[in-house]
Amino acid sequence: MSTPSTKTLDHIVHLTPPGSVHEASQQFRDLGFHVLPGGTHAGGLTENVLVVLQDGAYLELISFTHPASHYPPGSPDRQKRDANPWAWKEPGWIDYAFLGSSSTSLSELINARAKKDKSRIRYDPEVDGGRERSDGKVLKWRNSVPSQDDGRGVAPFFCGDVTPREWRVPLDPPSNAEHPSGVLGVAYVRILVEDSDLSEMKANITSVVGRSPVSNTARRATWVLDTPRTDVAGGKPRLIVSVPETADERWTLKERGEGIYEVAFLVSSGMKPGQAWTPYGKIVWLKG
């Protein structure tokens with residue numbers, strides 16, 4: 001039996017302030033993305049909309065349904081909200097997921113690999129999750145996340161579908177993944193870390209991905225990822241972990257902490273490359 005892949009990019013999470021999913025939808029439409037309805041997650045604390053890409057990955061535009069003050073202090077819902085790791089994140093790119101498995105424990109696989117590699121990262125056992133789509137269809141999956149001390153949003157979490165993935169990621173009809181901006185797929189996700197953490201994070205991501213970086217310098221490391229569907233023009237997405245290289249990057253790391261700094265997208269020929277803001281996170285356009 002072959003070992004399941006632990007390097008398939010599933011989705012990237014973008015957070016906006018509580019109750020702002022519809023506003024975020026318009027912001028991403030203005031950037032040239034085709035935004036699709038999502039739904040409310042189990043428990044009702046968060047809701048989302050989706051941007052699906054031709055490579056099979058997608059963007060999850062998420063917000064909490066209400067601010068923390070909406071729930072009485074000490075109430076079960078307030079405790080659940082406060083326990084959510086995204087509750088303490090600033091708006092912007094906050095997390096990313098690799099494709100998991102509903103039949104194999106990838107947490108056990110990665111933990112065994114990390115122990116052998118002598119890297120520090122560990123994953124919690126898989127737990128059930130889900131959400132109800134706006135059309136009433138109930139989706140189910142199993143998530144495994146980095147253990148508490150390993151930095152949520154720096155290393156990926158894993159999402160493995162129990163119900164069919166196409167329920168969660170509606171790539172049909174093909175027009176769902178066609179965007180006015182000409183976006184085809186993800187070019188790279190870039191993570192910023194402190195200089196003192198770079199060496200450890202390189203080892204951690206190597207244990208997660210299961211392969212050494214294709215490029216490794218004193219300032220950054222790059223891994224090649226897979227996507228759920230056929231690669232789009234321009235090749236496979238990259239995961240880049242680096243230390244800050246500009247004044248803006250140093251400021252961002254200081255203010256937001258370690259995590260995703262920018263997401264780059266491949267765009268079709270004829271579209272203009274450059275940069276944009278979500279307005280909470282940085283986007284780079286690259287020609288495919």
Side-chain angles (χ1 to χ4, degrees), residues 10-29 35-51 58-97 100 102 107 122-163 167-169 252-261 277-281:
D10 185 76
H11 69 278
I12 307 166
V13 184
H14 183 277
L15 177 71
T16 53
S20 65
V21 155
H22 297 296
E23 180 182 351
S25 299
Q26 188 57 53
Q27 290 167 344
F28 273 75
R29 290 190 186 99
V35 181
L36 302 175
T40 302
H41 289 92
L45 294 177
T46 54
E47 57 186 345
N48 69 7
V49 293
L50 310 176
V51 174
Y58 69 97
L59 310 181
E60 179 181 19
L61 314 183
I62 193 170
S63 77
F64 286 89
T65 51
H66 302 288
S69 59
H70 174 81
Y71 306 100
S75 66
D77 283 343
R78 177 64 176 268
Q79 291 175 349
K80 290 178 183 177
R81 192 190 190 284
D82 288 347
N84 189 306
W86 293 342
W88 309 102
K89 294 281 190 178
E90 293 293 325
W93 303 115
I94 59 165
D95 215 338
Y96 64 113
S102 61
S107 63
R122 296 293 186 272
Y123 276 78
D124 291 338
E126 284 75 7
V127 296
D128 294 332
R131 67 174 168 86
E132 182 176 351
R133 293 194 332 191
S134 57
D135 62 3
K137 191 179 289 288
V138 177
L139 315 184
K140 296 180 180 180
W141 55 72
R142 302 190 75 212
N143 279 352
S144 178
V145 304
S147 298
Q148 186 173 2
D149 295 336
D150 288 315
R152 186 72 184 268
V154 180
F157 68 99
F158 284 82
C159 182
D161 294 284
V162 176
T163 50
W167 291 11
R168 181 168 62 91
V169 192
T252 300
L253 181 59
K254 179 181 178 182
E255 293 296 315
R256 293 180 58 88
E258 295 181 334
I260 299 174
Y261 172 69
W277 292 85
T278 66
Y280 298 102

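Just so we're clear, the structure is a prediction, and the values are computed from it rather than from any experiment. Scope of the values below: all heavy atoms of this structure, side chains included, with no hydrogens, waters or symmetry mates. Note that the numbering runs from 1 along the sequence shown for the chain.
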D10 vs Y58, side chain to side chain contact (heavy atoms under 4.5 Å, CB included): CA-CA, chis, key distance, verdict: CA-CA 7 Å; D10 185 76; Y58 69 97; 3.7 Å; yes

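- Here the side chains of I12 and W93 are in contact, with some heavy-atom distance below 4.5 Å.
- Side-chain contact between I260 and Y96: present, with at least one pair of heavy atoms (C-beta onward) separated by less than 4.5 Å.
- Atom-to-atom distance recorded for S102:OG and W141:CH2 is 13.5 Å, nearest 0.5 angstrom.
- C159 and H11 make their closest contact through CB-CE1, 4.4 Å (heavy atoms, listed as atom of the first residue, atom of the second, distance).
- Under the 4.5 Å side-chain criterion, counting only non-hydrogen atoms from C-beta, V138 is not in contact with W167.
- For the pair L61/H22, no side-chain contact is recorded, criterion being any heavy-atom separation below 4.5 Å from C-beta on.
- For F28 and H14, the distance between ring centers is under 6.0 angstrom.
- Residues N48 and R131 come closest through the heavy atom pair ND2-NE, 3.6 Å.
- Look at D161 and R168 and you find a salt bridge, because one of the NZ, NE, NH1 or NH2 atoms lies within 4.0 Å of a carboxylate O, short of that distance.
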Stepwise, does the side chain to side chain contact (heavy atoms under 4.5 Å, CB included) test hold for I94 with R256? CA-CA 10 Å; I94 59 165; R256 293 180 58 88; 4.3 Å; yes

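- Note that OH of Y280 is 9.0 Å distant from CG of L15, once rounded to the nearest 0.5 Å.
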Apply the test side chain to side chain contact (heavy atoms under 4.5 Å, CB included) to residues K140 and T163: give CA-CA distance (whole Å), side-chain angles for both, the deciding distance (0.1 Å), then the verdict. CA-CA 5 Å; K140 296 180 180 180; T163 50; 4.1 Å; yes

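- Under the 4.0 Å criterion applied to side-chain N and carboxylate O atoms, D77 and R81 are not assigned as salt-bridge partners.
- Taking the six-membered ring where the residue is Trp, the centroids of H41 and F64 are separated by 6.0 Å or more.
- Contact annotation: the side chain of R122 never approaches that of P146 to less than 4.5 Å [non-hydrogen atoms, C-beta and beyond].
- When all heavy atoms of S63 and G19 are compared, the pair lying nearest together is OG-N, 3.5 Å.
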Evaluate the criterion side chain to side chain contact (heavy atoms under 4.5 Å, CB included) for residue pair D82 and W88; output intermediate values, then yes/no. CA-CA 8 Å; D82 288 347; W88 309 102; 4.0 Å; yes

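- When all heavy atoms are compared, the tightest approach of V21 to V49 is CG1-CG1, 3.4 Å.
- Around the NZ atom of K89, the shell of radius 6.0 Å holds more than 12 heavy atoms that belong to other residues, nucleotides or ligands.
- A donor-acceptor pair under 3.5 Å is absent between the side-chain atoms of S20 and the main chain of E23, judged by distance alone.
- When all heavy atoms of Y123 and A155 are compared, the pair lying nearest together is OH-CB, 3.8 Å.
- The two residues S75 and Y71 make their nearest non-hydrogen contact at OG-CB, 3.9 Å.
- You'll find the side chain of W86 reaches within 4.5 Å of the side chain of D95, heavy atoms only.
- Inter-residue side-chain proximity for V162 and R142 is flagged as met; some heavy-atom pair is nearer than 4.5 Å.
- Between the T65 side chain and the L45 main chain, a donor and an acceptor come within less than 3.5 Å of each other.
- With contacts defined as side-chain heavy-atom distances shorter than 4.5 Å, the pair P73/R78 qualifies.
- With respect to the salt-bridge test (charged N to carboxylate O, under 4.0 angstrom), the residues R133 and D135 qualify.
- A side-chain donor-acceptor contact under 3.5 Å links E126 and S107.
- Here the straight-line distance linking atom CD1 of I62 with atom OG1 of T46 works out to 4.0 Å at 0.5 Å rounding.
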